[in-house]
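Here is the structure we will look at, set down as structure tokens.
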Amino acid sequence: MHASATQPRAADLLAWYDRHRRVLPWRALPGEQADPYRVWVSEIMLQQTTIAAVKPYFERFMVRFPSVEALAAAPSESVMQAWAGLGYYSRARNLHACAKAVADQHGGRFPDTEEGLRALPGIGAYTSGAVAAIAFDRPTVAVDGNVERVITRLFAIEDEMPSAKPLIRERVLALLSLERPGDFAQALMDLGATICTPRSPACGLCPWREPCRARIEGMQESFPRKAVKKTGKTRYGAAFVTMREDGAVLVRTRPARGLLGGMVEVPGSDWRADYELDDALRDAPVSAGWRRLMLPVRHVFTHFPLELTVFAGRVPLETEAPEGMRFTPFHRLKEEAFPNVFLKALEAGLEELQRP
DNA sequence: CAACCGTGGGG
DNA sequence: TCCCCAAGGTT
């Protein structure tokens with residue numbers, strides 16, 4: 001007798017989850033109630049970010065900001081610095097705004113409904129469902145990329161993303177376990193992350209291998225259907241690593257909105273596809289004996305690649321920082337909220353300055 | 001609603 | 001090296 005297609009059941013998923021659930025720093029142990037603050041912070045950090053990248057940030061963040069009140073009371077520079085390197089910095093700005101809203105308008109307690117959470121900054125359709133289900137066991141779902149992959153395979157949904165989203169949500173809601181919504185949400189994500197992976201899914205270990213339409217057709221890796229997205233044109237620019245005689249380095253804070261908003265940078269030019277490197281020194285923040293590094297710093301953002309040519313120079317002790325800039329003592333550089341692209345530029349520039 | 005918004009790792 | 005993509009939200 002061949003295994004005939006059955007209907008997927010939440011019970012099969014939850015039974016699998018009870019045996020294979022991952023242990024994560026923000027996840028409650030079986031039978032324990034999850035801490036909404038930790039769940040919320042983890043969900044924001046995990047947006048478009050891998051668990052491996054998040055773990056060390058999460059641990060440091062919890063030490064530095066142990067409660068939503070502590071986070072709300074912290075200066076924004078401190079929050080941005082704690083986030084530096086994680087990417088998508090609007091998440092950090094919204095996180096801070098959200099903490100203030102919870103502390104000031106909700107008495108330090110997170111709303112315990114999907115709708116209430118959804119109204120807070122940085123909390124959208126996914127995160128509101130995730131926190132409501134995981135931290136408050138509300139009967140709702142959390143549809144992320146994992147879930148979209150699992151569900152489009154399970155039902156062989158041919159619609160391209162993101163137009164398939166409403167149908168996917170409908171299917172997940174139909175499967176939802178009303179007894180264990182929090183575990184159901186986490187089980188679905190664990191399944192997507194460990195079994196129903198983007199490439200080479202381990203269908204033989206899947207609790208839903210029998211009802212999975214995509215596996216039956218041998219087409220599991222072709223879901224979800226997605227249109228190919230095009231990458232932007234490479235942009236070019238100059239960055240200036242300026243060291244004062246006492247070792248202090250010239251930096252400035254970027255505007256609060258937009259790319260790398262609110263983060264710290266070394267001064268530089270605009271980034272354009274047609275940037276003329278020959279004229280780069282007109283973008284220098286101060287006059288110095290600039291040395292141009294031959295190897296540009298390469299960095300890839302979500303929507304465009306960047307080639308940053310670094311100039312390094314020393315300036316006298318009496319040099320004043322231009323308007324909007326400041327000299328940071330060398331030993332405090334590590335406390336600045338540098339995104340990675342500027343860490344790369346800084347490292348390259350400082351190395352050049354060490355040479356005779 | 002499509003563009004914008006980082007970064008690191010895996011295949 | 002290159003490409004894809006990971007627990008998305010905002011505008």
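Since the model is a prediction, treat every value here as computed from it, not as a measurement. Each chain gets a letter, A, B and so on, in the order its sequence line appears, and its residues count up from 1.
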Subject >> Geometric cation-pi criterion A/R235 and A/F304, 6.0 Å radius, 45° cone >> reply: yes

Subject >> Contact under 4.0 Å: A/R199 side-chain N or O vs C/dC3 OP1/OP2 >> reply: no

Subject >> Interatomic distance, A/M45 CE vs B/dT7 C1' [rounded to whole Å] >> reply: 14 Å

Original post:
Is the centre of the A/F58 ring less than 6.0 Å from the centre of the A/F61 ring?
Top reply: no

**OP:** Pick base, sugar-phosphate or nothing for A/I134, based on heavy-atom distances below 4.0 Å to the nucleic acid.
**Re:** nothing

**OP:** For A/T127, answer base if it contacts any base atom (sugar-phosphate contacts may also be present), sugar-phosphate if it contacts only those atoms, and nothing otherwise; contact means non-hydrogen atoms under 4.0 Å.
**Re:** sugar-phosphate

Original post:
From the list C/dG8, C/dA6, C/dG9, which nucleotide is the closest neighbour of the side chain of A/D144?
Top reply: C/dG8

Original post:
Taking OH from A/Y126 and P from C/dA6, how many angstroms apart are they, rounded to a whole number?
Top reply: 13 Å

Original post:
With the threshold set at 4.0 Å, does a side-chain nitrogen-carboxylate oxygen contact exist between A/R27 and A/D190?
Top reply: yes

**OP:** For A/E43 and for A/R257, locate the closest nucleotide of DNA chain C by heavy-atom distance; then report the residue assigned to the nucleotide nearer the 5' terminus.
**Re:** A/E43

**OP:** Quick one: label A/R149 by what it contacts on the DNA or RNA (base, sugar-phosphate, nothing), any heavy atom closer than 4.0 Å.
**Re:** sugar-phosphate

Original post:
Charged N to carboxylate O below 4.0 Å: is that the case for A/E265 and A/R254?
Top reply: yes

Original post:
What is the distance, rounded to the nearest whole Å, between atom CG of A/L120 and atom P of C/dT10?
Top reply: 10 Å

**OP:** Nearest whole angstrom, please: distance from the P of C/dT10 to the CG of A/L95.
**Re:** 12 Å

**OP:** Please state how far atom NE2 in A/H96 lies from atom P in C/dG9, giving the value in whole angstrom units.
**Re:** 20 Å

N/O contacts under 3.5 Å, protein versus nucleotides 3-6 of chain B?
residue	atom	partner	partner atom	Å
B/dC5	OP1	A/L259	N	3.4
B/dC5	OP2	A/H303	NE2	2.4
B/dG6	OP1	A/Y88	N	3.4
B/dG6	OP1	A/Y89	N	2.9
B/dG6	OP2	A/L260	N	2.5
B/dG6	O4'	A/Y88	N	3.1
B/dG6	N7	A/Y88	OH	3.4
B/dG6	N7	A/T302	OG1	2.3
B/dG6	O6	A/Y88	OH	2.9
B/dG6	N1	A/Q48	O	3.0
B/dG6	N2	A/Q48	O	3.1
B/dG6	N2	A/T49	OG1	3.0

**OP:** Write down the distance between NZ (A/K344) and P (B/dT7), rounded to a whole number of angstrom.
**Re:** 8 Å

Original post:
With a non-hydrogen cut-off below 4.0 angstrom, is A/W26 in contact with a base, only sugar-phosphate, or nothing?
Top reply: base

Original post:
Just checking, is any N or O donor in the side chain of A/R64 or A/S78 under 3.5 Å from an acceptor N or O on the other one?
Top reply: yes

Original post:
Whole Å only: how far is the NZ atom of A/K226 from the C1' atom of C/dC4?
Top reply: 9 Å

Subject >> A/R213 charged N/C atom sitting above A/F155 aromatic ring, 6.0 Å / 45° >> reply: no

Original post:
Which whole-number value in Å describes the distance from A/L46 CG to C/dG9 P?
Top reply: 12 Å

**OP:** Using the six-membered ring wherever Trp is involved, compare the ring planes of A/F240 and A/W290 and label them parallel, tilted or perpendicular (cut-offs 30° and 60°).
**Re:** perpendicular

Original post:
Base, sugar-phosphate, or nothing: which does A/A125 touch, judged by heavy atoms less than 4.0 Å apart?
Top reply: sugar-phosphate

